[in-house]
Amino acid sequence: MRIDLHTHSTHSDGTDTPAELVAEAAAAGLDVLALTDHDTFDGLEEARRAAAATGLAVLPGVEISTQFQGRSVHLLGYGCDPMSARLGAELARIREGRLTRIPATLTRLADLGIPLTWADVDAHAHGASVGRPHVADAMVAGGYVANRDEAFDTYLAEGGPAYVERYAAELIEAIGLVHDAGGAAVIAHVWSRGAERYLTEPVLADVVDSTGLEGLEVAHPDHPGETRARLADIADRLGLLTTGSSDYHGAGKTRNPLGAEVTSPEVLRELAGRVESRGGSL
Ligand code: AMP
Ligand code: ZN
Ligand code: FE
Ligand code: FE
């Protein structure tokens with residue numbers, strides 16, 4: 001059983017449509033795929049329809065943009081009811097913040113000698129969840145940078161000259177919304193981009209105590225082996241599940257091929273049980 005629990009489609013900043021993603025996953029020999037677009041469930045139905053003709057199981061997921069003490073944390077929700085009103089309202093608010101950030105980003109870029117329009121960005125954004133990767137795609141198309149990585153490294157990454165903040169949910173509240181929607185919550189790529197400085201073991205222990213967080217994504221392309229070992233120890237001490245996933249973005253992240261990292265069948269079974277105990281289903 002090959003299980004990849006973190007993937008993106010064109011409904012956020014992946015480059016495959018849900019149907020293309022499903023075809024790729026089947027071709028890559030995966031048995032289980034969770035679609036976890038940023039802040040939207042929009043791709044789920046298409047992915048499930050496409051998977052019906054294959055042996056692939058598509059699980060409902062979402063990657064929620066949250067913050068903890070002002071710092072970005074990505075939260076994976078599994079088995080949530082996509083029609084949950086409370087979770088849906090928060091996701092809509094986050095997507096609205098994504099939209100209002102774009103013009104401010106374009107103003108910064110124009111000041112830096114990179115004059116792009118909303119239409120330039122929109123040409124690369126095919127879903128409801130617009131992000132910096134779509135701005136990066138417009139920069140690539142305009143010949144200003146070679147690829148998404150260069151756009152982030154030079155302009156768009158946090159602290160970069162064209163970086164603009166946007167609204168994100170509070171981590172603790174977002175975990176509550178996942179549970180309210182019948183799902184289980186897993187912190188994505190826990191220690192990527194310097195997060196080990198603020199998502200320390202005592203902080204994670206407090207989060208678990210106050211929310212009942214279910215797991216940590218430990219095997220992720222952003223995590224070197226030593227990071228995985230330390231996170232696995234923390235998960236063990238805190239009674240958390242440990243998942244592994246590619247964080248596939250299609251051509252948008254060439255270092256993250258489908259199935260690059262996987263989750264064990266035992267952990268998936270346990271995760272499904274936790275979802276059931278929250279009232280949802282995987
Ligand atoms: P946004 O959703 O607009 O905040 O953009 C965040 C997304 O951009 C992440 O989910 C990644 O897919 C991508 N990303 C973030 N940082 C980088 C980076 N340094 N290089 C390439 N892609 C990145
Ligand atoms: Zn992304
Ligand atoms: Fe993420
Ligand atoms: Fe992701």
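These numbers were taken from a predicted model, which means no experiment stands behind them. Position 1 is the first residue of the sequence; numbering continues from there. Counting starts at 1 for both ligands and their atoms, in listed order.
Between His189 and His220, the ring planes lie perpendicular to each other; the angle is over 60°, past the 30° to 60° tilted range.
Of the candidates Lys253, Glu63, Arg132, Arg132 brings a heavy atom nearest to atom 4 (O) of ligand 1.
Closest protein heavy atom to atom 12 (O) of ligand 1: His249 NE2, 3.0 Å. Protein heavy atom in closest approach to atom 21 (C) of ligand 1: Asp149 OD1, 3.3 Å. In terms of protein heavy atoms, atom 9 (C) of ligand 1 is closest to Asp13 OD2, 4.0 Å. At the shortest separation from atom 17 (C) of ligand 1 among protein heavy atoms lies Phe152 CD2, 3.2 Å.
In Arg98, the part holding a heavy atom less than 4.0 Å from any atom of ligand 1 is the side chain.
For Asp13 atom OD1 and His38 atom NE2, the angle they make at the Zn ion (ligand 2) is roughly 90°, to 10 degrees.
For the pair Arg93 and Tyr167, the distance from NZ or CZ to the six-membered ring centre is under 6.0 Å and the angle to the ring normal is within 45 degrees.
Among the atoms of Asp247, no N, O or S atom is found under 2.8 Å from the Zn ion (ligand 2).
Between Arg193 and ligand 1, at least one N/O pair is under 3.5 Å apart.
Counting the atoms of ligand 1 from 1 in the order shown, those under 4.0 Å from a heavy atom of His38 are 10 (O).
Protein N/O/S atoms closer to the Fe ion (ligand 3) than 2.8 Å number 3 in this structure.
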